[in-house]
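Just follow the structure's listing: the first ligand is 1, and inside any ligand the first atom is 1.
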Amino acid sequence: MLLEGKRALITGSTSGIGLAIARAFAAEGANVMINGFGDKDEIKAICAELAKASGATALHDGADLGSVAQIDKMIARCTSEIGSPEILVNNAGIQFVSPVEDLPPEKWDDIIKINLTAVFHTTRLALPEMRRRGWGRIINTASAHSLVASPNKSAYVAAKHGVVGFTKTVALEAATAGITANCISPGYVWTKLVENQIPDTMKARGLTRDQVINDVLLAAQPTKRFVTPEEVAGLALYLCGENAGSITGANLSMDGGWTAQ
Ligand code: NAD
């Protein structure tokens, strides 16, 4: 199995893209620490499913990535309970849809904290041990919004552009240490994050639910279908392999052609 014996920490993996990545890694034998919010029993069941698939360990840490102290504790716990992460997937993210002038400042702060600043903290804490071992994979879930903007998503677009700049810098700093750092930039993937922004987009643009799905979300995507979490997970898995050792500092689009336009 591709990841047998490897240790992976995937943030924001109790649902959506992160969960699909955790499943893909576990299916290849990785020990995984998942992170994110959700129902306790559901999370317990996810961990049991992952451990069964991998034949290895699957743990959950409920760190709120808006808190540096909780990120610190999560990395320390991962290190003591499964070993320091050799594969770090920074995937947790939140969204808030509003014109700039109505965007509550605390929503701006939250989005920057969780979508961008947390990526800095997990990376700075995981890197020293990756360097010591001479191997590491850092995979950051950015977005098509790391390349192009859409109205009403200023904080999200700013954070995702920031993640790409940060990832490039880490890739250069770690280039000779056997560590790669890359972004995956999906277009619209049908997850809670997308579903939850539909009502606000309906309000902000005065549209129906179907109009938001077809005329706003899928309008940008030439394939006229949502990217699947499993497609994103497949690319994350590829980036962990030895054949991906020369892919670093890249921002890999998986957006059904959105940003080709
Ligand atoms: P999701 O809402 O299904 O998953 C988000 C995950 O992050 C959940 O596990 C949630 O519990 C966790 N999370 C949220 N706030 C957190 C916090 N403060 N601390 C710890 N965990 C937290 O959404 P998703 O669509 O799977 O999003 C995953 C990533 O993909 C995000 O970074 C998002 O920006 C990015 N993305 C999503 C899409 C899309 O269309 N769904 C497109 C491009 C990029």
Side-chain angles (χ1 to χ4, degrees), residues 9-24 32-40 42-43 46-47 50 60-75 88-97 106-107 109-119 121-122 139-150 153 155-164 166-167 183-198 201 212-213 216-218 220-221 223 225-233 235-236 251-256 258-259:
L9 169 62
I10 305 129
T11 71
S13 44
T14 50
S15 68
I17 295 169
L19 179 54
I21 293 174
R23 285 187 169 131
V32 292
M33 175 172 266
I34 62 165
N35 155 261
F37 304 139
D39 176 81
K40 262 194 180 153
E42 267 176 40
I43 291 174
I46 290 171
C47 285
L50 295 173
H60 169 256
D61 191 283
D64 179 342
L65 300 184
S67 154
V68 185
Q70 290 186 37
I71 293 173
D72 242 315
K73 272 195 194 150
M74 174 179 71
I75 302 282
L88 170 66
V89 182
N90 289 300
N91 171 78
I94 56 169
Q95 174 64 285
F96 190 83
V97 177
E106 60 277 13
K107 291 287 180 195
D109 288 344
D110 286 349
I111 289 176
I112 299 297
K113 246 195 279 183
I114 292 152
N115 295 14
L116 176 59
T117 308
V119 180
H121 289 300
T122 54
I139 301 166
N140 298 328
T141 310
S143 166
H145 284 120
S146 73
L147 294 161
V148 295
S150 297
K153 295 184 177 177
Y156 186 85
V157 170
K160 294 298 187 181
H161 277 65
V163 165
V164 172
F166 176 73
T167 308
C183 288
I184 298 179
S185 282
Y188 285 109
V189 187
W190 189 256
T191 65
K192 283 182 198 164
L193 183 137
V194 165
E195 236 181 313
N196 291 343
Q197 64 187 274
I198 289 176
T201 308
V212 170
I213 291 175
V216 178
L217 303 180
L218 293 181
Q221 235 150 264
T223 49
R225 68 167 180 88
F226 288 95
V227 176
T228 69
E230 291 71 27
E231 287 173 328
V232 180
L235 181 53
N251 183 10
L252 302 165
S253 292
M254 184 179 275
D255 60 12
W258 174 351
T259 56

Atom-level proximity to ligand 1, residues with heavy atom under 4.0 Å
Gly12, Ser13, Thr14, Ser15, Gly16, Ile17, Asn35, Gly36, Phe37, Ala63, Asp64, Leu65, Asn91, Ala92, Gly93, Ile94, Ile114, Thr141, Ala142, Ser143, Tyr156, Lys160, Pro186, Gly187, Tyr188, Val189, Thr191, Lys192, Leu193, Val194
In Å and rounded to the nearest 0.5 Å, what is the CG to CD1 distance from Asn196 to Ile94?
11.5 Å
Work out which heavy atom in His121 is nearest to a heavy atom in Val68; give both atom names and the distance.
NE2-CG2, 3.5 Å
Just by distance, with hydrogens left out, do Asn251 and Ser185 show a side-chain donor and acceptor under 3.5 Å apart?
yes
No-hydrogen, no-angle side-chain donor-acceptor test under 3.5 Å, Ser150 and His145:
yes
I need the Leu50 CG to Ser13 OG distance, nearest 0.5 Å.
8.5 Å
Using 30° and 60° as the class limits, which term best fits the ring planes of Phe226 and Tyr188: parallel, tilted or perpendicular?
perpendicular
